[in-house]
2 protein chains.
Amino acid sequence: MDKVMVRAGRSLVKHVPEPTLRRLPLYYRLLRQLRETGCKGVSCTTIGRELKLDATQVRKDIEVTGTVGRPKVGYDLVELTCAIERFLGWDNTTEAFLVGAGSLGEALLGYPGFAECGLNIVAAFDVDPNKCHRVIHGKHVRHVSKLPNLMRRMRVRFGIITVPAAEAQHAAELLVEGGVLAIWNFAPAKIRVPDSIIVTNEDLYCSLAVMSQRLTKKLAESRSKGEPKA
Amino acid sequence: MDKVMVRAGRSLVKHVPEPTLRRLPLYYRLLRQLRETGCKGVSCTTIGRELKLDATQVRKDIEVTGTVGRPKVGYDLVELTCAIERFLGWDNTTEAFLVGAGSLGEALLGYPGFAECGLNIVAAFDVDPNKCHRVIHGKHVRHVSKLPNLMRRMRVRFGIITVPAAEAQHAAELLVEGGVLAIWNFAPAKIRVPDSIIVTNEDLYCSLAVMSQRLTKKLAESRSKGEPKA
DNA sequence: TTAATATCGAGAATTATTTCTCGATTAGAA
DNA sequence: TTCTAATCGAGAAATAATTCTCGATATTAA
């Protein structure tokens, strides 16, 4: 009933399928690699071969960025790279706060290439006083109690949660108090926030489930191969 | 051409859509929480309400685990929990090697609850001699040169890659040499391995793209609301 | 005991996504 | 210049996933 299309009807931007959004960074990375080799253009066929994707699918994905190609030649590398950047909003810097200065938080603070995606983690927060007042990868760690005020003052609108599952809801509430617009949640727990806030869960157990089941299935199949028709 | 169905035709196990596999852990977690409250049974309606999913979808997902429910009552909590565990292969222990003892590797070594999913990371490896011979969360860190032999000897068939993008291919080759069956790749790079090996990529940039685009779109919409028809 | 209601299970309908098909276009070779 | 081959773009077709519909069944309350 209250489908995406309702909003899309009002929106100037057409709805883009999530699978497409998830493939765009793969193209982007490949394109940058190709540029480094001195290449000028690229075709869907080439991208598809490199990434093991159907060429038509690549073409449809590229279409959403508004880039037009030329028959027999393909797309201009620079033009396409910029179009993807623009489409994803990676051409503008988004400042972010990170909650949870454990090893996962540390990993994200030092993650290479976030800057190229316009993501700038400006500070980290933790409940543990022992973890505060440190500097990790050039970012200060402060106490969570300072988060909401600082967030409003600095006009930061993006939050990353890397706390344990039990503390995720608390972290989310602090971000909401600070006026967050979007949350990237790495805690294996669902958080309750107002509907207007964009939430993306990065739940490792979901991926693990896909792997586990495939591996289990594969092992079951290779076992039953020894005794077919059984 | 060489579709999934080709294999599925030979397989005893029916093909299960990936979205379903990714939702099962969410049910699993909720179910365990409910069990702790002393609850005995649960309905699709309840699960759907908690997780903001359609009840029919929940029912279809549960169907793949082979659990049968009772009208008006729902499913038995213990039965359903066990069925999900069994279906995902989480009832058997899978031993794994982790390559890359940086902060991301450390985060995974200390990740809570992997044991409940049957995942047991038995050792970590790194190219950096300074990182070797340490013990992180009770797991020894060894030099990567020891990986292939040790992997064969210990009969470990699952690999986790947490090295920088540039070293991902090398890490993958070591795992292949060790006889790996499935790889969970956290490096933002595609790895080339024989087709028979199951690979799941945990690419943060793909998720970031979804977030970025939604945020960009949202900001664009809220801006154009001020000046409609423009 | 009977009626009302919540739920499951199965299949139909809808919607989303991927893949196929084909005409148009353009670079490069003959 | 003309032919050939590679590619794009658009729309049709096929496939996958979600949501709807409805009959059957079991619990609870009257």
Side-chain angles (χ1 to χ4, degrees), chain A residues 1-9 14-24 26-27 31 34 39-77 79-80 83 206 209-210 213, chain B residues 1-9 14-24 26-27 31 34 39-77 79-80 83 206 209-210 213:
Chain A
M1 295 238 170
D2 74 89
K3 295 293 294 298
V4 185
M5 289 312 289
V6 176
R7 277 176 167 272
K14 205 184 75 199
H15 173 255
V16 174
E18 183 168 323
T20 295
L21 291 176
R22 300 190 74 92
R23 282 188 297 265
L24 287 174
L26 306 181
Y27 305 154
L31 264 33
L34 287 172
C39 216
K40 292 290 174 195
V42 70
S43 72
C44 293
T45 319
T46 309
I47 297 176
R49 190 177 48 242
E50 287 298 312
L51 265 34
K52 295 194 180 171
L53 294 170
D54 183 85
T56 309
Q57 182 163 75
V58 176
R59 195 171 297 124
K60 286 237 190 294
D61 289 342
I62 288 175
E63 201 175 22
V64 307
T65 69
T67 314
V68 292
R70 288 197 310 173
K72 178 85 181 187
V73 182
Y75 303 88
D76 181 75
L77 261 181
E79 191 187 339
L80 183 51
C206 296
V210 179
Q213 202 265 349
Chain B
M1 294 235 170
D2 75 271
K3 296 290 294 296
V4 185
M5 289 314 288
V6 176
R7 276 173 168 273
K14 207 185 75 202
H15 174 258
V16 174
E18 183 168 322
T20 294
L21 291 177
R22 300 190 75 92
R23 282 188 297 266
L24 287 175
L26 306 181
Y27 305 154
L31 263 33
L34 288 173
C39 217
K40 291 291 171 191
V42 70
S43 72
C44 293
T45 318
T46 309
I47 297 177
R49 188 177 50 240
E50 286 299 310
L51 265 34
K52 292 192 182 174
L53 294 170
D54 184 85
T56 309
Q57 182 162 78
V58 176
R59 196 170 297 124
K60 286 237 190 294
D61 290 341
I62 288 175
E63 202 175 19
V64 307
T65 69
T67 315
V68 293
R70 289 198 309 174
K72 178 84 184 192
V73 181
Y75 303 88
D76 181 74
L77 262 181
E79 191 187 338
L80 183 50
C206 297
V210 179
Q213 202 263 351

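In what follows, chains are A, B, ... by sequence order, proteins preceding strands, each numbered from 1.
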Distance check, rounded to the nearest 0.5 Å: [X] atom [atom1] versus [Y] atom [atom2]?
| X | Y | atom1 | atom2 | result |
| --- | --- | --- | --- | --- |
| Thr65(A) | Tyr27(A) | OG1 | OH | 10.5 Å |
| Thr20(B) | Glu63(B) | OG1 | CD | 10.5 Å |
| Thr67(B) | Ile62(B) | OG1 | CD1 | 7.0 Å |

Original post:
Quick one: is dT18(C) close enough that its OP1 or OP2 comes under 4.0 Å of any side-chain N or O from Arg23(A)?
Top reply: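 Indeed, a polar side-chain atom of Arg23(A) lies that close.
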Subject >> Set of salt bridge (Lys or Arg N to Asp or Glu O under 4.0 Å) partners for Arg22(B), sequence neighbours left out >> reply: Glu18(B)
Original post:
Who pairs with Arg23(B) by salt bridge (Lys or Arg N to Asp or Glu O under 4.0 Å), at least two apart in sequence or on another chain?
Top reply: Asp61(B)
Could you tabulate the donor-acceptor pairs under 3.5 Å formed by side-chain atoms of residues 44-51 of chain A, not counting sequence neighbours?
residue	atom	partner	partner atom	Å
Thr46(A)	OG1	Ser43(A)	OG	3.0
Glu50(A)	OE1	Arg192(B)	NH2	3.2

**OP:** Can you sort out which residues in residues 51-70 of chain B have a heavy atom within less than 4.0 Å of DNA chain D? Ascending by number, please.
**Re:**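 Result for residues 51-70 of chain B: Asp54(B), Thr56(B), Gln57(B), Lys60(B), Arg70(B), sorted by number.
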Atom pairs under 3.5 Å, N or O on each side, protein against nucleotides 3-6 of chain C: can you list them with distances?
residue	atom	partner	partner atom	Å
dT5(C)	O2	Lys72(B)	NZ	3.3
dA6(C)	O4'	Lys72(B)	NZ	3.3

Please give, in whole Å, the distance from [N] [atom2] to [X] [atom1]?
| X | N | atom1 | atom2 | value |
| --- | --- | --- | --- | --- |
| Asp76(B) | dT27(D) | CG | C1' | 16 Å |
| Lys14(A) | dT17(C) | NZ | C1' | 13 Å |
| Tyr75(A) | dA6(D) | OH | C1' | 13 Å |
| Arg22(A) | dT17(C) | CZ | C1' | 15 Å |
| Leu80(A) | dC8(D) | CG | C1' | 13 Å |

Original post:
What residues, two or more places apart in sequence or in another chain, satisfy side-chain contact (heavy atoms from CB on, under 4.5 Å) together with Pro71(A)?
Top reply: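 With sequence neighbours excluded, Pro71(A) shows a side-chain contact (heavy atoms from CB on, under 4.5 Å) to no residue whatsoever.
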**OP:** Before giving the answer on side-chain contact (heavy atoms from CB on, under 4.5 Å), spell out for Lys40(A) and Leu77(A) the whole-Å C-alpha distance, their side-chain angles and the decisive distance to 0.1 Å.
**Re:** CA-CA 5 Å; Lys40(A) 292 290 174 195; Leu77(A) 261 181; 5.8 Å; no
